[in-house]
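In listed order, ligands and their atoms are each counted from 1.
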Amino acid sequence: MSARRIYLDNSATTPLDPRVVQAMLPFLDSVFGNPSSLHQEGREAHECLDRARSQVAALLNADPGEIFFTASGTESDNLALTGIIEARGGSGNHIITSAIEHPAILETCRSHQKRGVEVTSLPSDSDGLIDPDELARAFRPTTRLVSIMTANNVVGTVQPINELARIARDHGVPFHTDAVQAAGRIPINVQTQPVDLLSLSAHKIYGPKGVGALFVRKGTPIAPIINGGGQERGLRSATENMAGIAGLGCAAEIASAEMSAEAARLVKLRDRIIETVPDLLPNAYLIGHRHRRLPGHVCLGFAGLEGESIRLLLSLDEAGIAVSTGSACSAHHAHQPSHVLQAMGFDPVRARGSLRVTLGRFNTDTDVEAFLRVLPKKIKELRSIATYPITSNNQGKHYESHCERPAGT
Ligand code: PLP
């Protein structure tokens with residue numbers, strides 16, 4: 001029998017919680033009705049749809065009428081951006097976003113740019129934070145939307161989202177946040193946070209892949225991007241993915257109930273890695289903010305091995321440990337530097353060199369101990385074959401500064 005694998009890539013995706021699987025099973029079997037049908041089978045499905053909507057709403061302290069199911073976090077992001085732009089007709093053609101967003105936002109902005117929409121991309125500081133003053137300065141009379149992520153998928157930094165959203169509200173501009181990494185991991189309360197639109201995804205919270213949701217505050221003008229039979233109150237046509245939606249609802253309910261205890265547990269495991277790694281590996285440095293970060297998220301660099309991060313990932317994989325070098329999406333661009341690290345001031349070589357370790361519900365102390373045991377051996381092996389030279393610029397005590405900027409940036 002093969003040894004148990006240790007999965008430390010919970011920002012890429014999470015395993016299904018067995019309770020979520022149980023909630024989904026009836027929809028793959030006996031509960032097959034179309035929620036738009038008027039007969040008993042349809043009504044039964046519709047009740048389940050309502051229940052899942054309430055469960056997701058409760059996670060955000062939203063009204064169930066403000067939750068719209070989609071097929072992914074990506075679709076929620078597309079719907080938020082395109083839906084707001086299309087809803088407002090010809091007036092205003094300016095979006096403010098940040099340089100560290102997920103491609104679901106950046107590529108959508110790029111596609112609008114080709115059609116004449118102007119995009120301001122706010123810079124990040126070396127910790128991955130967006131400066132609220134920069135946002136305040138970026139507004140134009142034509143600004144239609146601000147979209148800034150709650151927590152970054154590559155480095156784990158959590159933005160001062162209340163402050164950013166408040167500034168947008170003061171300017172009378174809707175504020176969208178991509179909370180795909182944050183929802184279910186840190187508290188979100190749309191009653192107290194002036195966020196108008198928020199994206200989330202089931203597979204980041206122990207639910208199934210291919211289902212997401214968009215929160216749209218009541219009264220926010222938004223147009224559909226998928227047209228058809230008028231499901232989801234006309235905003236997102238298509239017969240609902242009932243098993244997926246039931247799974248998302250259950251995952252949201254579990255997250256609501258368990259988040260605070262689970263976050264405290266993950267912070268301990270995360271900090272054990274952050275505090276132990278520099279003792280084991282003096283050339284390691286933490287990327288992202290030391291404290292304003294997701295509970296289970298660690299992003300590390302190893303001076304002199306930045307060009308070897310994929311080799312490091314593969315050698316940890318061989319030892320039974322799954323981590324990533326940035327984000328799952330960037331596996332399609334494995335040899336390209338991370339746009340997030342570049343925006344944080346890393347040069348292109350160092351921007352290829354992160355190791356992302358993300359802990360989740362099913363990780364234990366034993367997993368962390370195993371990782372801390374194996375990592376130094378793998379780094380030592382790589383150092384003996386590394387092709388990228390250690391220079392005075394990338395050597396030394398990096399840990400204190402959270403993120404080492406290359407000279408001159
Ligand atoms: N936004 C962020 C911040 C993400 O991390 C991801 C996925 O990694 C997405 C959006 C896309 O979500 P999905 O995989 O559900 O399309």
Which bit of Thr74 is near ligand 1, meaning a heavy atom under 4.0 Å away: side chain, backbone, both or neither?
-> both

Can you tell which of Lys204, Met149, Lys209 gets a heavy atom nearest to atom 7 (C) of ligand 1?
-> Lys204

Quick note on ligand 1: atoms under 4.0 Å from a heavy atom of Asn153 include exactly 3 (C), 5 (O)

With Arg293, which residues qualify under side-chain hydrogen bond (donor to acceptor under 3.5 Å, both in side chains), at least two apart?
-> none

Test applied, side chain to side chain contact (heavy atoms under 4.5 Å, CB included); reference residue, Ile95; option that passes from Thr120, Ile85, Thr142 = Ile85

Hey, mind stepping through Asp127 and Thr157 against side chain to side chain donor-acceptor pair (under 3.5 Å) and telling me if it holds?
-> CA-CA 7 Å; Asp127 283 334; Thr157 299; over 6 Å; no

Is the Phe139 ring parallel, tilted or perpendicular to the His171 ring (thresholds 30°, 60°)?
-> parallel

For atom 13 (P) of ligand 1, which candidate among Ala71, Pro103, Ala179, Gly73 holds the nearest heavy atom?
-> Gly73

Quick one: which residue pairs count as a side-chain hydrogen bond (donor to acceptor under 3.5 Å, both in side chains) with a foot in residues 242-258, not counting sequence neighbours?
-> Arg19-Glu258, Gln55-Glu253

Against heavy atoms of Ser72, which atoms of ligand 1 measure under 4.0 Å?
-> 15 (O), 16 (O)

Counting only heavy atoms, which portion of Asp77 has something under 4.0 Å from ligand 1: side chain, backbone, both, or neither?
-> side chain

Distance-only N or O hit between ligand 1 and Gln181, under 3.5 Å = yes

